[in-house]
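The structure under discussion appears below in the form of structure tokens.
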Amino acid sequence: MTVHIGAKKGDIADKILLPGDPLRAKYIAENFLEDVACYNEVRGMYGYTGTYKGQRISVQGTGMGIPSISIYVNELIQGYDVQKLIRVGSCGALQEDVKVRDVILASTSSTDSQMNRMTFGGIDYAPTADFDLLKAAYEAGEQKGITPRVGNVFTSDSFYRDNAKELFDQLAHYNVLAVEMETTALYTLAAKYDRQALAILTVSDHVITGEETTAEERQTTFNEMIEIALEAAIQQ
Ligand SMILES: O=P(O)(O)O[C@H]1O[C@H](CO)[C@@H](O)[C@H]1O
Ligand SMILES: O=c1cc[nH]c(=O)[nH]1
């Protein structure tokens, strides 16, 4: 057991999907995995292990924001030796040509978080996806007839902010595709501990146009993201 995860050693697979929402973890376990067991209910942050196409895989809710995902990623790596970590999240589109329901593979992330500046003594570290996982996810998307968008995402410390329009316009101008709240921490911790990580995001809303997905549409598009993540996880 670790502080926030009530699993025994061996209960968690070496590959894991990481949705922010613990109920998305439950949904993935119930609809995509076989022989499922729930290993964590601490703080309602559900974690499950099952199999996908015969391979053992886990899914763990991380909560929202850098502090919360950092707790789970640290404990999954240090307490359970997880090797391959794939975030399956939602995001808001920042570019006109990024559409609601698109799937984004975050090759890197920018952030307003101070976490890395403190860690690296003031310099701006560039958190980066694992290339093999990114390639596997891209190919899994293409096989399903989806061409994922690949690029920079903004990992925000705030969901609500005063200067949203100016900041998002500028980030869009500098080719940032979308905004979410966890990828910077996932990639930085994966690098620290020499693990593989990737963030796959479904566009749930459009920051410029205000368009949003219905709950039903979100479910369908999330299903595509989950299938891409599972296929990428079992490659290599
Ligand atoms: O859907 P999830 O994975 O939680 O991701 C996004 O949704 C939350 C905000 O509503 C933040 O966690 C953001 O990163
Ligand atoms: O962090 C997030 C997630 C989804 N949509 C947003 O606008 N922000």
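The first residue in the sequence is number 1, and the count goes up from there. Quick caveat: nothing in here was measured; it's all calculated off a predicted structure. Whatever order the structure lists ligands and atoms in, that order sets their numbers, starting from 1.
Among protein heavy atoms, atom 5 (O) of ligand 1 sits closest to Arg87 NH2, 3.0 Å. Of all protein heavy atoms, the one closest to atom 14 (O) of ligand 1 is Glu182 OE1, 2.6 Å. The nearest heavy-atom contact from the protein to atom 7 (O) of ligand 1 is Ser90 OG, 3.3 Å. At the top of the distance list for atom 10 (O) of ligand 1, counting protein heavy atoms only, stands Phe159 CE1, 3.6 Å. Of the protein's non-hydrogen atoms, Gly20 CA, 3.5 Å is the one closest to atom 4 (O) of ligand 1.
Residues Val103 and Arg149 have side chains not in contact (no heavy-atom distance under 4.5 Å, counting atoms from C-beta outward).
Contacts between Ser156 and ligand 2 below 4.0 angstrom, taking non-hydrogen atoms only, are absent altogether.
Ring geometry for Phe154 against Phe168 counts as perpendicular: the plane angle is over 60°, on a 0 to 90° scale with 30° as the lower cut.
Here the side chain of Thr111 pairs a donor or acceptor atom with the backbone of Thr155 at under 3.5 angstrom.
A salt bridge does not link Lys144 to Glu224: none of the charged nitrogens lies less than 4.0 Å from a carboxylate oxygen.
For the atom pair OG (Ser204) and CD (Glu211), the distance works out to 11.0 Å, reported to the nearest 0.5 Å.
Counting atoms of ligand 2 from 1 in the listed order, those under 4.0 Å from a heavy atom of Glu180 are 1 (O).
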